[in-house]
Amino acid sequence: MGRVPGPRGVMGGGFDAGRRWHDARGRFARLPSPPPLAPPRRQYRLAVFGRPRGAWHDSVAAAMAEAIALGLASWDASRREHYLAVPVELQSREP
């Protein structure tokens with residue numbers, strides 16, 4: 001593994017090819033991992049024939065609850081769940 005100069009040059013410390021930091025005395029110190037990125041938040045709203053019919057919600061379940069309250073969702077007795085008919089859609093965005 002070759003040494004790559006760090007901010008103070010090779011003699012004062014730096015990185016080696018394995019991405020480990022050398023201090024001025026030649027000791028290894030692993031760099032801390034960056035914090036994990038939060039997944040992008042998505043928001044959902046109802047639209048009928050492309051026109052918005054409700055507010056933006058943080059979950060699909062909240063948007064479906066609004067569709068049920070507005071009478072836009074239908075009930076499928078065989079699958080025991082609500083579904084959206086053809087003219088109704090869930091639009092999504094990343095704020």
Side-chain angles (χ1 to χ4, degrees):
M1 285 193 227
R3 292 191 61 191
V4 179
R8 292 184 289 157
V10 175
M11 295 303 292
F15 289 103
D16 67 358
R19 300 296 298 161
R20 294 180 298 185
W21 175 259
H22 293 270
D23 65 2
R25 294 183 183 169
R27 296 177 297 194
F28 292 116
R30 274 222 175 257
L31 292 175
S33 299
L37 296 175
R41 290 182 27 229
R42 297 195 68 80
Q43 291 182 327
Y44 306 92
R45 75 173 171 191
L46 294 170
V48 179
F49 291 114
R51 293 189 174 175
R53 280 291 302 267
W56 290 102
H57 299 281
D58 290 331
S59 68
V60 174
M64 276 300 285
E66 183 180 20
I68 293 167
L70 292 174
L72 298 174
S74 301
W75 175 253
D76 183 3
S78 64
R79 295 183 70 178
R80 308 191 86 154
E81 65 183 7
H82 284 93
Y83 66 93
L84 298 177
V86 172
V88 182
E89 67 175 321
L90 272 178
Q91 295 177 339
S92 64
R93 72 171 181 181
E94 290 183 25

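Hydrogens, waters and symmetry mates are skipped; everything else that's a heavy atom, side chains included, is used.
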Write down the atom of I68, the atom of H82, and the distance for their closest heavy-atom approach. CD1-ND1, 3.5 Å
Only pairs at least two apart or in different chains count here, so list each salt bridge (charged side-chain N to carboxylate O under 4.0 Å, His left out) that has a residue in residues 66-85. R79-E81
Could you pull out the closest heavy-atom pair between Y44 and A63, with the gap in Å? CB-CB, 4.1 Å
Looking only at heavy atoms, which two atoms of R53 and L70 are closest? And how far apart? O-CD1, 3.8 Å
Can you name the side-chain contact (heavy atoms from CB on, under 4.5 Å) partners of A62, sequence neighbours left out? H57, S59
Evaluate the side-chain contact (heavy atoms from CB on, under 4.5 Å) criterion for residues L90 and R45: first the C-alpha distance (whole Å), next the side-chain angles of each, then the deciding distance (0.1 Å), finally the verdict. CA-CA 6 Å; L90 272 178; R45 75 173 171 191; over 6 Å; no
Considering residues at least two apart in sequence or located in another chain, which fulfil the side-chain contact (heavy atoms from CB on, under 4.5 Å) criterion with A47? E89, Q91
Is Y83 linked to L46 within one hydrophobic cluster, defined over Ile, Leu, Val, Met, Phe, Trp and Tyr using a side-chain heavy-atom separation of less than 4.5 Å? no
Considering only heavy atoms from C-beta outward, does the side chain of M64 approach that of L84 to under 4.5 Å? yes
